[in-house]
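All heavy atoms count here, side chains included; hydrogens, waters and symmetry mates do not. Every chain is numbered from 1 and lettered A, B, ... according to where its sequence line falls, protein lines coming before strand lines.
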2 protein chains.
Amino acid sequence: MPFTYSIEATRNLATTERCIQDIRNAPVRNRSTQFQLAQQNMLAYTFGEVIPGFASAGINGMNYRDVIGRPVENAVTEGTHFFRDDFRVDSNAKAKVAGDIFEIVSSAVMWNCAARWNSLMVGEGWRSQPRYSRPTLSPSPRRQVAVLNLPRSFDWVSLLVPESQEVIEEFRAGLRKDGLGLPTSTPDLAVVVLPEEFQNDEMWREEIAGLTRPNQILLSGAYQRLQGRVQPGEISLAVAFKRSLRSDRLYQPLYEANVMQLLLEGKLGAPKVEFEVHTLAPEGTNAFVTYEAASLYGLAEGRSAVHRAIRELYVPPTAADLARRFFAFLNERMELVNG
Amino acid sequence: MPFTYSIEATRNLATTERCIQDIRNAPVRNRSTQFQLAQQNMLAYTFGEVIPGFASAGINGMNYRDVIGRPVENAVTEGTHFFRDDFRVDSNAKAKVAGDIFEIVSSAVMWNCAARWNSLMVGEGWRSQPRYSRPTLSPSPRRQVAVLNLPRSFDWVSLLVPESQEVIEEFRAGLRKDGLGLPTSTPDLAVVVLPEEFQNDEMWREEIAGLTRPNQILLSGAYQRLQGRVQPGEISLAVAFKRSLRSDRLYQPLYEANVMQLLLEGKLGAPKVEFEVHTLAPEGTNAFVTYEAASLYGLAEGRSAVHRAIRELYVPPTAADLARRFFAFLNERMELVNG
DNA sequence: GACTCGACCGGTGGACT
DNA sequence: AAGTCGACCGGTGGACT
């Protein structure tokens with residue numbers, strides 16, 4: 001499972017493990033797809049033994065856009081090898097898979113950061129390989145975090161403890177009388193304070209070695225363990241991943257951040273909701289301006305401490321930079337949690 | 001310029017007027033595009049003598065999705081005719097053009113509705129072909145409207161009279177001190193009260209016969225005439241056009257509606273801002289739920305008259321339905337304007 | 001005329017039913 | 001297991017510089 005394409009490794013794959021699935025004889029109804037980019041196999045192939053930022057210096061410091069592009073690159077190499085001129089995939093296929101890979105790999109980087117952070121918080125000291133500067137916040141098991149890559153169709157409200165969900169439900173019940181609602185969807189990822197009942201579990205301190213299928217399942221299913229167990233103030237960070245930007249594709253995070261702020265800050269008394277957007281191709285400066293928008297809820301209330309809805313549009317240069325930045329964030333934000 | 005593909009009509013086109021432009025020998029830098037879908041030529045070809053809703057009964061009552069799909073259909077027929085097996089366009093090319101065509105054609109339908117409405121408002125009576133039921137609002141030249149298809153990169157605030165723009169500018173100046181902003185972008189289309197200085201101009205009462213290139217320019221440039229001349233309460237309707245929906249593509253209109261409501265209702269004392277979304281393929285019911293969201297500004301203020309940010313997600317069955325619905329809207333909303 | 005900038009949406013791989 | 005449902009984004013034609 002090499003980061004760099006290997007004809008030997010490819011040859012040893014069972015056909016079901018290959019990155020390219022030939023479905024010309026088993027087409028999906030109402031589609032003309034001939035070859036599928038098997039996203040999970042691609043992740044296992046390219047990142048099966050590699051988590052960027054926690055791998056070799058060469059990968060940790062490599063241009064992150066190139067790192068994220070590698071699975072599709074490898075898959076296309078494989079497809080061309082087996083199918084030559086017959087091989088073709090729609091640009092929309094690459095687009096879908098590249099977007100999911102950016103999200104999943106970045107989540108894995110942050111998962112490993114959280115594991116390392118948590119290990120420090122329970123008093124195990126600061127792991128030294130690869131080297132990141134040691135956070136200065138005084139360790140406490142209560143300051144552990146969980147990194148949750150949230151699935152499609154998720155509703156972030158389901159993370160909250162029942163009492164908080166009830167407050168929101170009552171608020172919505174009032175709206176429904178007028179035919180109104182305030183539906184919530186989700187960021188791609190949430191960082192939450194690790195609930196007390198998990199603070200002795202080792203799994204939250206274990207760095208994964210790569211995105212094998214079992215590890216993919218571990219990370220993508222982690223959110224289920226925390227549903228109904230998070231206090232409003234414990235949603236420490238929300239992240240939206242967008243591999244590239246277009247002016248019309250900026251608004252789901254911007255809107256969802258506004259709703260989160262209205263509900264968490266306004267109705268549940270939580271501190272500032274930190275919501276950020278990660279991208280590898282901002283395509284101009286317009287997005288940075290769009291994301292300077294003040295949080296509408298705070299504005300309307302005429303509060304003194306108005307803030308942006310989106311705290312930052314971040315373009316990670318390398319996986320190591322992403323990790324360093326996340327450690328710095330935790331070092332600052334987790335001070336809010338009583339040690 | 002037939003609505004139905006005609007090999008004779010195609011044969012008579014100059015190459016620059018054709019719907020398919022062969023650019024294999026003049027490629028765009030950094031692109032692999034071989035054939036371009038000449039969007040404006042396509043509109044002139046298929047709709048050069050037809051505005052749906054103001055054409056024959058067959059077209060007015062035809063499934064609007066099929067009407068909107070016709071230009072691409074005709075262009076593909078042309079391309080196949082001239083280039084046979086060489087002809088290919090990316091699905092993203094069709095997607096872009098289909099989206100713009102939905103926007104431009106729907107704007108043209110509404111333009112003609114406005115022309116007919118205005119003609120009634122200045123006392124010329126109600127035109128009878130094709131037949132729509134006569135609005136009941138008492139006519140007044142002050143109740144005329146302008147339909148503005150707004151361009152890419154537009155800022156709806158530029159429509160407002162200088163005094164109102166200044167109010168917004170002052171508000172933003174306060175935000176900028178804290179590193180905040182509240183940038184505005186635009187709906188695809190705005191319906192505004194026709195300013196007094198234009199109420200005798202015939203052009204606002206003239207129905208166009210088709211989307212010839214000059215008429216395309218007339219409609220797409222109309223907004224320039226009204227910039228700086230609209231009172232906050234005179235933005236009667238904002239529309240976003242989305243040929244098809246995806247769950248992630250719902251939020252630009254939802255967010256922009258919220259911002260418009262904060263600024264126009266909250267800061268400038270305008271009545272309820274009516275913002276709607278038109279689509280031909282909602283793809284499930286989720287979008288209808290998303291658009292039940294209450295306007296965040298009203299919520300935060302704890303106002304009594306909270307309303308939805310998006311008034312409706314509308315799926316026009318035919319062009320005649322779109323026209324009828326717009327007449328009904330004008331009949332109701334323009335009552336707010338003193339006759 | 002070459003280049004940059006907006007905003008268009010449909011084809012996709014996987015989760016869930 | 002066949003069908004439905006989420007949310008991914010890159011290639012595009014035109015306006016502008």
Side-chain angles (χ1 to χ4, degrees), chain A residues 19 21 23 26 28-33 35-43 72 75 89-104 150-154 185-186 188 216-217 220-221 240-252 279-281 283-287, chain B residues 19 21 23 26 28-33 35-43 72 75 89-104 150-154 185-186 188 216-217 220-221 240-252 279-281 283-287:
Chain A
C19 298
Q21 298 291 314
I23 60 165
V28 178
R29 231 178 114 126
N30 299 323
R31 296 195 187 185
S32 61
T33 313
F35 300 95
Q36 286 193 310
L37 293 170
Q39 176 175 306
Q40 295 164 341
N41 291 351
M42 290 164 64
L43 283 166
V72 170
V89 291
D90 194 281
S91 71
N92 283 338
K94 291 185 192 174
K96 188 274 186 185
V97 169
D100 281 359
I101 286 176
F102 179 47
E103 174 179 343
I104 293 166
L150 303 170
R152 279 166 159 77
S153 194
F154 192 69
S185 58
T186 187
D188 294 325
Q216 292 174 31
I217 291 168
S220 65
F241 297 102
K242 294 188 172 293
R243 207 208 68 83
S244 71
L245 300 183
R246 293 288 183 275
S247 61
D248 59 312
R249 291 201 276 101
L250 303 174
Y251 291 88
Q252 188 275 339
T279 191
L280 298 174
E283 312 288 2
T285 56
N286 177 266
Chain B
C19 297
Q21 298 291 314
I23 60 166
V28 178
R29 231 178 114 127
N30 299 324
R31 295 194 187 184
S32 61
T33 314
F35 300 94
Q36 286 193 311
L37 292 169
Q39 176 176 307
Q40 295 164 340
N41 291 351
M42 289 165 63
L43 283 167
V72 170
V89 291
D90 196 282
S91 72
N92 284 339
K94 291 185 192 174
K96 189 272 187 188
V97 169
D100 281 359
I101 286 177
F102 179 48
E103 174 179 343
I104 293 166
L150 303 170
R152 280 166 157 78
S153 195
F154 192 68
S185 57
T186 186
D188 294 324
Q216 291 174 33
I217 291 168
S220 66
F241 297 102
K242 296 190 170 290
R243 207 208 68 84
S244 71
L245 300 183
R246 293 289 183 275
S247 62
D248 60 312
R249 292 200 276 99
L250 304 174
Y251 291 89
Q252 188 274 340
T279 190
L280 298 174
E283 311 288 2
T285 56
N286 178 266

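At whole-Å resolution of the value, CD in A:E103 and C1' in D:dA7 are 9 Å apart. Remark: P of D:dG6 and CZ of A:F154 are 15 Å apart, rounded to the nearest angstrom. B:I104 places its CD1 atom 11 Å from the P atom of C:dC8, with the value rounded to the nearest Å. Put simply, CG on B:N286 is 17 Å from P on D:dT4, counting in whole angstrom units. Between the CG atom of A:L250 and the C1' atom of C:dC5 there is a distance of 14 Å, rounded to whole Å.
A:Q39 has its side chain out of reach of A:C19: every pair of non-hydrogen atoms, C-beta onward, lies at least 4.5 Å apart. B:V28 has its side chain out of reach of B:T33: every pair of non-hydrogen atoms, C-beta onward, lies at least 4.5 Å apart. No side-chain heavy atom of A:K94 sits under 4.5 Å from any side-chain heavy atom of A:V97.
Across every strand in view, C:dT17 sits in a pair with D:dA2 that passes the Watson-Crick or G-U test at under 3.5 angstrom. Taking a pair to require two hydrogen-bonding distances under 3.5 Å in either a Watson-Crick or a G-U wobble arrangement, C:dG10 pairs with D:dC9.
Between B:D188 and A:G284, the one whose closest nucleotide on DNA chain C sits nearer the 5' end is A:G284.
Side chain to side chain, B:S185 and B:Q252 meet the donor-acceptor criterion of an N or O pair below 3.5 Å. Side chain to side chain, B:S247 and A:R152 fail the donor-acceptor criterion of an N or O pair below 3.5 Å.
In C:dG6 the base sits syn relative to the sugar, since the glycosidic angle is no further than 90° from 0. Applying the 90° cutoff around 0 to the glycosidic angle, C:dG14 is assigned anti.
One distance of note links CG of A:D100 with CG of A:L37; it measures 11.0 Å at 0.5 Å rounding. Note: B:R246 CZ to B:N286 CG = 12.5 Å, rounded to the nearest 0.5 Å. Atom CZ of residue B:F102 and atom CG of residue B:D188 lie 9.5 Å apart, to the nearest 0.5 angstrom.
In this structure, B:S247 reaches the D:dA7 phosphate: one of its side-chain N or O atoms is under 4.0 Å from OP1 or OP2.
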For every nucleotide of nucleotides 10-17 of chain D, 5' to 3': is a protein heavy atom under 4.0 Å from its base (B), only from its sugar-phosphate (S), or from neither (-)? BBBBSS--
Could you list the protein-to-nucleotides 1-3 of chain D atom pairs, N/O on both sides, closer than 3.5 Å?
unit_1, atom_1, unit_2, atom_2, d
D:dG3, OP1, A:R29, NH1, 3.3

I would like to know whether A:S244 and A:L280 meet side chain to side chain contact (heavy atoms under 4.5 Å, CB included); could you show each step before the answer? CA-CA 6 Å; A:S244 71; A:L280 298 174; over 6 Å; no
